[in-house]
Every structure is written in C-alpha cells, then in structure tokens.
Amino acid sequence: MSEDHHSDELYVRQRKLDELREKGVQPYGEKYEVTHRAMDIIDDFEKLVGKSVKVSGRILSRRGHGKASFANIQDMSGKIQLYIRQDSVGEGNYNIYKSLDVGDIIGVTGEVFKTKTGEITINISSFKLLSKSLRPLPEKWHGLKDIELRYRQRYVDLIVNPAVREVFIARSKVIQAIREYLNRKGFLEVETPVMHGIAGGANARPFITHHNALNINLYLRIATELHLKRLVVGGMEKVYELGRIFRNEGISTNHNPEFTTVEIYQANTDYEDMMRLTEELVASVAEEVFGTLKMSYGGKELDLSLPWPRRDLLDLVREITGVDFTSIPDDEGARQVALEKGLELKGGESRGEIIFTFFEKFCEDRLWGPIFVKKYPVEVSPLAKRCSDDPRFTCRFETFLAGKEIANAFTELIDPLDQRARFEAQMRKRAAGDEEAHMMDEDFLTALEYGMPPTGGLGIGIDRLIMILTDSPSIRDVILFPTMRPRE
RNA sequence: GGGCCAUUAGCUCAGGCGGCAGAGCACCUGACUUUUAAUCAGGGUGUCCCAGGUUCGAGUCCUGGAUGGCUCACCA
C-alpha cells in the first residue's frame, strides 16, 4: 500500500548492504581464523582473562550506548558478550558496527575481561562482517513458537531456540553411542540397498520410484531385515545397519514417513539374547549420553535400570482383559469373544490375529515400561521362528518404553520351507486386499535354502528412542526436517 | 481419511454484541562510553490464511477451500 519503506526491515537491510559495499566493506566475507568458541571463553575465563581471542558468531542482541555498545554473539557452543568502544575500533569502524543488525555474522578480536556487573565479555579491538543477514530474526523473549514455522524453517528454530539445538546434539550423541557399543561388541556395520525390487521385512506400504535406464519401478525400503539376513547366510555373523527407512503411511506425533532404525543380527543367539542386548544397549547409551537411568517422559518417571521385566503377551491379555485364550483353542471361539468385547471384525480373522488385536486395543497403551512383551502369534510374525512349546506362537518380543513401541525382535525363522509357507499366507492376505502384507521374496528364500545359522535379530526405532531420552512429545521434535506438505 | 482447534505487523499475542486495525519486542529518527528484557524522546510498518455469501457496514456471522496442531483410524 505504501511506498514508504523506511521501517520495512527487508528493505532497510538491503539498503544497508548496498551502503556497506559503497564503503568498501565486503558483506559476504571469507573465513575468520577463530581461536576459541564462546563457551571456551566462559569455561576458561581465569586462564584467558586479559588475553586476546578471536571468535565468530551471529549477533543475537545489541545494546547501544552512544560511543560504546554491547552485543551478544552466538556460535555452536553458546553465547558471549562483546563490548565495543569507538575509541578502541576507530570512528569509521564504529559507524560500520552501528549499521550492523541482529542476525549478522561477524568475526571479532579482543581481550577477555569481566564487566562491573560480572559478565565475561570480549573488549573488541577489531571486527569483520562475515555475512550480512537480510531477514529479521524472531523476537528475543518469546523466540519462534509457531510450530509450523519451526519445522519448515528449522534453521531459524536452531538459531533462536537453544533447546532445539540441544535435542539434536543429543540425537547425534545417541547414534554415536549406539555405533560405538555395537562396534565394541564386534558387530560389523553394513550398508544394504535403499531401493528394493521387492519391499520386504515389514507390514507396510512402500514408496514407489522409477529407474529410467532399467525402466523398472523400485520401492524405497520399508525395512533392512531381508538383506541383513542374506548377509548372515553369507557368513557375516554379527551385522547391523543404522539408516533411514520409508513407509507410505500416515503422519502423527509417533510416525514420520521416513525414519531411522538400527537392525542388528547375531548368529548363534536367540530372542532371549536379543532382550539382553536391547536393555543393555539402551541403558548404556542413556548412561553415557545423559549420565543416568532415571529418565522422565512427559512428567512421568521412567526407570531404565536392569533387568527389564519380561511378560508373555497372552498373560498380559488375560490380566488386563480377563480373557484367557488358552481356553479358547479355535478361530471361531476367538471371534466370538472379540465380538463380545466390541471389536469390529472384517471376517475370517484367525485366533492369532484376534489375540494380537486384543493386545493392541486393550493392553498396549497401558504398558509404560520398560517391558518386554514376548511370544506373538505366528500369523502376525511371518519372519519369526515358532516357539518349540506352541507352534501357534513365535519367539518374538516387542519392547515398550514410556508407552511407545521402540523395538521388535525375534529368533529368526531360518527354515526355508516354513518361510515359504508364511510368505504364501501373506500373499493370500495381499490378494484379499491387504496392501501391507508381505510380498513373496524368492531370492530371500533361495538364500535360506543355502542354510542360515540360528540367529537372533533386533530392530530399534531410533527416532522414538530419542524422543523418550530427550523428553520430546512429537517425533517431529527429533527429526531436523520432518515431512510437511509443501507450501503454495 | 474422520472429529476438534488455530491462522491478525518481522516475532509473540489482544481484539465483548458486526461500527476508523491494536500492544510488547523488533524496526526507523534522535540522545547516551560498563549495559544486559539497557534507558529516554518521537514514528505503526498490515492481502486480519484464501474465495464466495449475508449486511448500509465483516478481523468478527455463514459456506467452501488451504496450511498447521491435537486426537481417532492405520502403522513403527
């Protein structure tokens, strides 16, 4: 509406940039040889007081006092205060300093001292503009709160919300600690294809992409499982892969279309060993990164101290719902009791599927954990070995922390004939319209036919684990750039 | 996909019953050489998410849409 731009910040900053160039100041400079980070100066003040340091960072706040000024700059380590006097830097430079804005990145050189109010400060003798910021930062008290903007413009979120940076530093440390733990135990980290001809290893709908030269459609992987097990067949007895997988499903506070898992396979172990591995891995990572096993999530305590309880799924269903499926041996009886409990059935559900539904609907949200739930029905566990005492159940467990499923593991099914029968059952579900049922994978069956050693396998959802360890309510808070619908 | 809620200045937010678009911070002009939410004097910078409708008059009421959040469904 108005041609008067005098306080339009974008316009004002663009004009300042032009004026700097006219004065011979390069607004986008070259690297500044820093000697310290902001936090080093705070931490080592006694050693550094009176000494000259070089620091660079982004101006976060300015307090002008005529011919002297204070400012705070921020680098990766934190914030430090600057003190700039006209008689220290010269009138010309001081005028340039005065034209700088919150958001600009500068390099400074000066002596470390403490102000009369006790704040550790750098008394600037010279400074250099390294990068001119053309956009105003969010306001200093309230920061950036708009959740949509925080996710879409994570760079701004990271600049103004220090807690966000802390979460992602913690995420990096957790992942590093997981790698170190597994490497120390003799596991080999491997990388398997992200683009699959057959998307297997989980119940999920895949993303589809196209390879032009081969003129074929490929799927983005929904799990790393089947390739890792091929490697165990190949003699790689202890392997893991930490990486991104993709599932073409809904988005929620616990689901992002792309997310990170670690899958771990170890020959000559079973799911009991995987329980021990899970609890030890999580507890040692928590201890190492956060220095404690007494966590808190959403205001509720979560004690990761070992050992974690192990409970049979069927026992939990009986305790929580009062239904004892050991006395309901057939599909028809199971369907009856499901209807009595008000569950909606599509028809044709097996006893095992109904037991699993009972667990999901009535039990899962009551498990705060940590807890291992074991022995899942064979119908919902097509890659897990059957229990020797009851072939309708499998040597499979899931781990719950703070009410969230964070791990899924089993004694792997290594019998190629049983595996083929399981795939065939999945194919029948797929033919009946279940788009999440597993696909037949002949090459995987071929691998099993060569002989796979008895093996325990474990998958951990890294994002959810980090949510819990950092007390983050949404998975988007632990993913730097969560999936969003594009703007415009 | 369903339900509920939100969307107003760069940011954080007010705007009763439909009657000239508001505050703080930021920004602009000026003063100020140890401040720290610096202070003091002045200045409001806007596609009220979008498109229709009702009305003399819509930020406000109605309809449709967009984006986001929570939640249910689905999944991990």
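Throughout, a chain's letter reflects where its sequence line sits, starting with A, and its residues are numbered from 1.
Taking every side-chain heavy atom of A:V102 into account, B:C27 is the closest of B:C11, B:G68, B:C27. Checked against B:C11, B:U33, B:G68, the side chain of A:E139 finds its nearest nucleotide in B:C11. Nearest to the side chain of A:S474, among B:C70, B:U35, B:G24, sits B:C70. In the set B:C28, B:A76, B:G69, the nucleotide with an atom closest to the side chain of A:R247 is B:A76. Of the candidates B:C27, B:A76, B:U12, B:A76 carries the atom nearest the A:E405 side chain, counting heavy atoms from C-beta on. With distances taken from any side-chain atom of A:K361 to the nucleotides B:U12, B:A73, B:G68, the minimum falls on B:A73. Closest to the A:R85 side chain, of the nucleotides B:G69, B:U12, B:U33, is B:U33. Each of B:C70, B:A76, B:U34 was ranked by its minimum atom distance to the side chain of A:R476; first place goes to B:C70.
Here the P atom of nucleotide B:U39 and the CZ atom of A:R62 are 15 Å apart, to the nearest Å. When rounded to the nearest whole Å, the span between CD1 of A:I84 and P of B:C32 equals 18 Å. If you take CD1 of A:I120 and P of B:U35, they are 17 Å apart, rounded to a whole angstrom. If you measure from atom OH of A:Y11 to atom P of B:C27, you get 18 Å, rounded to the nearest angstrom. One interatomic measurement links the two molecules: CD of A:E364 to C1' of B:A73, which rounds to 14 Å at whole-angstrom precision. The nearest whole Å value for the distance from the CD1 atom in A:I251 to the P atom in B:G68 is 8 Å. Across the protein-nucleic acid pair, A:E344 atom CD and B:G2 atom P stand 18 Å apart, rounded to whole Å. The CG-C1' distance, from A:L100 to B:C27, rounds to 15 Å in whole Å.
Within the nucleic acid shown, A:F113 comes within 4.0 Å of at least one base atom, counting heavy atoms only. Across all strands shown, A:R205 has no heavy atoms under 4.0 Å from either base or sugar-phosphate atoms. Contacts of A:N248 with the nucleic acid, taken as non-hydrogen atoms under 4.0 Å apart, are absent. Among the atoms of the strands shown, none is found under 4.0 Å from any heavy atom of A:N408. If you check every strand for non-hydrogen atoms under 4.0 Å, A:Y151 touches sugar and phosphate atoms only. No contact: A:K114 has no heavy atom under 4.0 Å from any strand. At the heavy-atom level, A:L149 lies under 4.0 Å from the strands shown only through sugar-phosphate atoms.
A salt bridge links A:D157 with A:R154; the closest basic N to acidic carboxylate O contact falls under 4.0 Å.
An OP1 or OP2 oxygen of B:A38 is reached within less than 4.0 angstrom by a side-chain nitrogen or oxygen of A:R63. OP1 or OP2 of B:U71 sits under 4.0 Å from a side-chain N or O of A:T253. Checking the phosphate oxygens (OP1, OP2) of B:U35, a side-chain nitrogen or oxygen of A:K116 falls inside 4.0 Å. At the phosphate of B:C11, neither OP1 nor OP2 sits under 4.0 Å from any side-chain N or O atom of A:K145. Within the 4.0 Å cut-off from OP1 or OP2 of B:U67, at least one side-chain nitrogen or oxygen of A:R485 is found. Listed pair A:K140 / B:A38 meets the phosphate criterion, a side-chain N or O lying under 4.0 Å from OP1 or OP2.
Sorted by residue number, the members of residues 64-72 of chain A with any non-hydrogen atom under 4.0 Å from RNA chain B read A:G64, A:H65, A:G66, A:K67, A:A68, A:F70.
Taking for each of A:G143 and A:R13 the nucleotide of RNA chain B with the nearest heavy atom, the 5'-most of the two is the partner of A:G143. Nearest-nucleotide mapping onto RNA chain B: of A:P473 and A:A407, the residue sitting toward the 5' end is A:P473.
Here, B:C70 and B:C27 have their C1' atoms 35 Å apart, quoted to the whole Å. Between B:C17 and B:U12, the two C1' atoms lie 28 Å apart (nearest whole Å). Rounded to whole Å, the separation between the C1' atoms of B:U35 and B:A21 comes to 36 Å. Comparing the C1' positions of B:U34 and B:C28 gives a spacing of 27 Å, expressed to the nearest Å. Annotation: B:G44 and B:C4 have their P atoms spaced 43 Å apart (nearest Å). Distance noted for atom P between B:C62 and B:U54: 15 Å (whole Å). The separation of B:C48 from B:U8, taken at their C1' atoms, amounts to 4 Å, rounded to a whole angstrom. B:G22 and B:G59: their P atoms are spaced 13 Å apart (whole Å).
The backbone N or O of A:F259 lies less than 3.5 Å from no partner atom in the side chain of A:R247, so there is not a single donor-acceptor pair. Using a distance-only test at 3.5 Å, with no hydrogens or angles considered, a donor-acceptor pair links the side chain of A:S474 to the main chain of A:R476. When atom types are taken as modelled, the side chain of A:Y28 and the backbone of A:K132 share a donor-acceptor pair closer than 3.5 angstrom. Judged purely by atom type and a 3.5 angstrom limit, A:E412 has no side-chain atom pairing as donor or acceptor with the backbone of A:T455. Checked by atom type and distance alone, the side chain of A:D273 pairs as donor or acceptor with a backbone atom of A:D270 at under 3.5 Å.
The closest side-chain donor-acceptor pair between A:T224 and A:E241, if any, does not fall under 3.5 angstrom.
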Check against side-chain contact (heavy atoms from CB on, under 4.5 Å), A:F359 and A:T321 = CA-CA 9 Å; A:F359 174 70; A:T321 69; over 6 Å; no

Yes or no on side-chain contact (heavy atoms from CB on, under 4.5 Å) for A:Q81 and A:R63, after CA distance, side-chain angles and deciding distance?
-> CA-CA 11 Å; A:Q81 179 168 264; A:R63 294 173 293 285; 2.7 Å; yes

Would you please test A:D101 and A:R62 for salt bridge (charged side-chain N to carboxylate O under 4.0 Å, His left out) and show each step?
-> CA-CA 8 Å; A:D101 289 298; A:R62 287 153 53 83; 5.8 Å; no

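Using the six-membered ring where Trp is involved, A:H438 and A:F423 have ring planes that are tilted, between 30° and 60° apart. Between A:F70 and A:H65, the two ring planes are perpendicular [angle over 60°; tilted spans 30° to 60°]. Ring geometry, A:Y97 versus A:F127: the interplanar angle exceeds 60°, so the pair is classed perpendicular (tilted spans 30 to 60°).
Cation-pi geometry between A:R396 and A:Y376 is met: the NZ or CZ atom falls under 6.0 Å from the ring centre, inside 45° of the normal.
The base of B:U35 sits within donor-acceptor range of the side chain of A:Q81, with an N or O pair under 3.5 Å.
With a glycosidic angle further than 90° from 0, B:G43 counts as anti.
Secondary-structure stems of RNA chain B, taken as three or more successive Watson-Crick or G-U wobble pairs (i with j, i+1 with j-1) under a 3.5 Å distance threshold, comprise B:1-7 with B:66-72, B:10-13 with B:22-25, B:27-31 with B:39-43, B:49-53 with B:61-65.
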